[in-house]
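Just below is one structure, and these are the notes that go with it.
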Protein chains: 2
Amino acid sequence: MGTSANAGGGRSGPALDKDVDFAQYFCTYSFLYHQKEMLSDRVRMDAYFNAIFENKRHFVGKTVLDVGTGSGILAIWSAQAGARKVYAVEATKMSEHARALVKANNLQDVVEVIEGSIEDISLPEKVDVIISEWMGYFLLRESMFDSVICARDRWLKPTGVMYPSHARMWMAPIRTGIIDHKVADYQSAMDDWHNFVDETKTCYGVDMGTLTNPFSEEQRKYYLQTSLWNNLHPHQVIGTAAIIKDIDCLTATVPEIEKVRSNFSLSVTTDNTKLCGFGGWFDVHFRGRSEDPAEQEIELTTAPSVDYPTHWGQQVFLLHPPTHVGEGDDLSISFLMSRSRENHRLMEVELGCEIKQKSGKLLAPFKNKFYIE
Amino acid sequence: MGTSANAGGGRSGPALDKDVDFAQYFCTYSFLYHQKEMLSDRVRMDAYFNAIFENKRHFVGKTVLDVGTGSGILAIWSAQAGARKVYAVEATKMSEHARALVKANNLQDVVEVIEGSIEDISLPEKVDVIISEWMGYFLLRESMFDSVICARDRWLKPTGVMYPSHARMWMAPIRTGIIDHKVADYQSAMDDWHNFVDETKTCYGVDMGTLTNPFSEEQRKYYLQTSLWNNLHPHQVIGTAAIIKDIDCLTATVPEIEKVRSNFSLSVTTDNTKLCGFGGWFDVHFRGRSEDPAEQEIELTTAPSVDYPTHWGQQVFLLHPPTHVGEGDDLSISFLMSRSRENHRLMEVELGCEIKQKSGKLLAPFKNKFYIE
């Protein structure tokens with residue numbers, strides 16, 4: 001679920017403060033308007049609908065756990081596909097709407113809605129299937145997959161399957177006009193600041209000059225270093241895309257996703273263009289497990305698309321100034337994504353890039369820091 | 001300080017959850033951009049500047065406590081006006097910038113910046129003056145005055161003065177075109193919802209009709225029942241303004257402001273117009289105390305004004321549909337403002353209105369509920 005999340009506790013410290021987490025992260029999901037936004041994402045809906053109904057064998061007569069059921073849609077579909085019993089867990093008061101929806105669709109004998117955090121609740125049995133729509137912007141924003149891992153380790157039978165079964169993070173070089181706007185906004189904020197400092201000195205006798213640097217840093221971070229939501233056009237992708245991270249949902253661990261470190265190469269395929277930044281997105285697959293594969297493998301991708309946009313969009317990491325690149329240029333990328341110390345649901349990214357031109361000439365490498373807020 | 005505040009604990013329950021309060025309310029104030037916004041409000045700045053420098057007698061050689069110092073501006077002015085010692089208390093990391101600002105202005109021997117909540121910190125002595133800019137939208141939003149009361153009861157000498165000394169909430173009948181937009185937005189959201197319900201049933205086999213009522217309530221609350229920030233033009237005020245609440249900052253108690261109950265009359269002064277709602281605002285005064293009055297009484301008002309707008313604007317409570325009114329019509333208003341159970345920094349308002357036309361005819365009374373979010 002792509003949404004705006006705020007604070008929470010740090011992972012490396014003591015246990016997450018649950019009240020803070022609830023007040024800042026979970027509460028967004030208690031609004032019907034937000035649920036509707038996700039339910040209106042046809043690509044998302046089609047993928048999960050098909051993943052379930054094209055793979056009834058995984059559901060008929062089976063037990064299912066829906067982690068973060070929201071409105072209850074996945075739980076309802078699981079029941080309609082023939083599940084014997086579905087546990088639909090939801091941390092917010094949205095669970096009351098889910099319960100009403102289950103009843104209105106005559107599935108209350110199959111679907112049991114449980115209000116609570118998956119980390120806290122108890123189920124009467126282990127399940128055959130864990131289904132969840134846990135993906136945030138660029139896959140891991142919101143860190144909801146931690147909860148899915150917890151659910152899996154506690155409640156999935158040794159023979160159980162994960163829906164989705166796999167997830168991948170992708171990145172590609174892009175061009176975009178946004179950078180100019182952001183640079184202009186930043187400069188405008190700084191011009192305004194300088195006027196403000198002058199006026200405050202003149203009119204009010206207080207010299208605010210000492211705050212110019214921290215203000216500049218704060219504005220830089222906001223305008224230039226914070227990744228943006230964007231719906232990229234495929235033409236904006238100026239080179240090959242690479243897989244940053246490949247996750248097997250059956251075996252993934254939290255340490256594995258706490259820090260995502262990857263080195264990869266991208267090739268520029270558009271000639272005479274500007275490298276304005278990088279676009280990040282994800283896909284998930286519904287493949288079942290090797291011992292019990294899906295009959296119909298389904299893919300949900302959030303790659304730049306004209307016909308199949310999703311509410312996730314892509315995350316854009318801007319470079320300033322842009323670099324002139326051409327077809328055949330190679331980009332060596334070092335990628336490190338870790339969780340914000342103040343908030344484990346938000347991310348920090350260190351993105352290094354070395355450009356080797358088609359001629360063989362190496363340009364000076366650079367490394368930028370970004371914030372996924 | 002007018003700003004967007006989020007959640008917190010309920011007042012009538014156990015002690016406020018401090019971590020939640022900090023994560024949701026205080027953190028907005030840790031951004032320099034936000035401080036700058038308030039520091040750029042010339043009406044606000046002029047009022048406090050003049051209140052201090054036109055009343056040096058209250059400051060020269062005295063001790064001062066600045067509650068919620070933010071960037072430190074009031075503390076710095078107090079020192080420049082001749083205070084012997086200023087304690088500048090700030091709950092967020094903005095305190096570090098305040099400390100730097102104090103040093104850059106050579107006042108570190110007078111101004112001591114203390115990071116912490118006023119409820120928790122200790123001072124070495126009681127003070128002659130408590131100065132604070134605590135006002136939220138419509139005066140009491142954010143409930144920061146609770147903290148000022150706490151500071152007063154703990155740290156103000158029996159002879160001490162409050163800056164400001166008095167505060168009043170005002171209300172007037174208004175006309176505005178906003179209501180049409182909001183009604184259209186609400187209807188558009190409902191049309192969209194009905195299409196969504198049809199499609200979800202057709203394409204995905206799930207009947208979401210049972211959620212129509214809760215969705216409608218959620219959207220009504222959002223579009224029609226939530227008060228809006230607006231910068232009203234004086235011509236939009238179609239009748240007399242009345243004082244809802246008059247606060248003496250030296251003696252006010254929290255129970256007195258937890259529930260604000262008031263009945264008052266408003267007269268329509270514009271003929272042949274539409275009562276589209278009510279505008280709410282506040283003023284504060286710097287009068288000192290009766291035993292030790294200010295030499296120069298200063299007023300800071302946030303009433304609708306062309307030349308003197310403030311960042312607080314006014315709070316607009318919309319009526320739908322609007323009612324046709326004319327010059328000489330009288331409005332009997334019953335006003336009840338209480339704190340939101342989920343969040344003591346946000347408010348709920350019950351506003352009853354009975355219109356007596358100039359002819360003497362009484363129109364059917366109505367009562368609306370609003371949310372100050």
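What you are looking at is a predicted structure, and each value in this text was computed from that prediction instead of being measured. FYI, side chains are in, hydrogens and waters are out, and symmetry mates aren't considered; it's all heavy atoms of this structure. Letters go in sequence order (proteins before strands), and every chain restarts at 1.
The number of heavy atoms from other shown groups lying within 6.0 Å of OH (A/Tyr222) does not exceed 12.
Among B/Ile73, B/Leu211, B/Leu107, the residue making the largest number of heavy-atom pairs under 4.5 Å with chain A is B/Leu211. Among A/Pro214, A/Ser40, A/Ala104, the residue making the largest number of heavy-atom pairs under 4.5 Å with chain B is A/Pro214.
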From CA spacing to verdict: side chain to side chain contact (heavy atoms under 4.5 Å, CB included), B/Trp77, A/Tyr204: CA-CA 8 Å; B/Trp77 283 339; A/Tyr204 300 118; 3.6 Å; yes
List the steps and the verdict of side chain to side chain contact (heavy atoms under 4.5 Å, CB included) for B/Gln219 and A/Leu32. CA-CA 9 Å; B/Gln219 296 304 288; A/Leu32 283 164; over 6 Å; no
List the steps and the verdict of side chain to side chain contact (heavy atoms under 4.5 Å, CB included) for B/Met208 and A/Leu39. CA-CA 11 Å; B/Met208 299 253 169; A/Leu39 292 165; 3.9 Å; yes
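Heavy-atom minimum distance, A/Cys203 versus B/Phe49: O-CZ, 4.0 Å. Across every non-hydrogen atom of A/Leu101 and B/Asp207, the tightest pair is CD1-O, 3.3 Å. What you find for B/Thr210 and A/Ala100 is that their closest heavy atoms are CG2-O, 3.9 Å. Between A/Gly205 and B/Gln80, the closest heavy-atom pair is O-NE2, 2.9 Å.
Under the 3.5 Å distance criterion, the side-chain polar atoms of B/Glu218 are left unmatched by any main-chain donor or acceptor of A/Phe31. No side-chain donor-acceptor contact under 3.5 Å links A/Trp193 to the backbone of B/Tyr33.
Interface residue B/Glu199: only side-chain heavy atoms are found under 4.5 Å from chain A. Only the side chain of A/Phe196 comes within contact range of chain B, with at least one heavy atom under 4.5 Å from a heavy atom of that chain.
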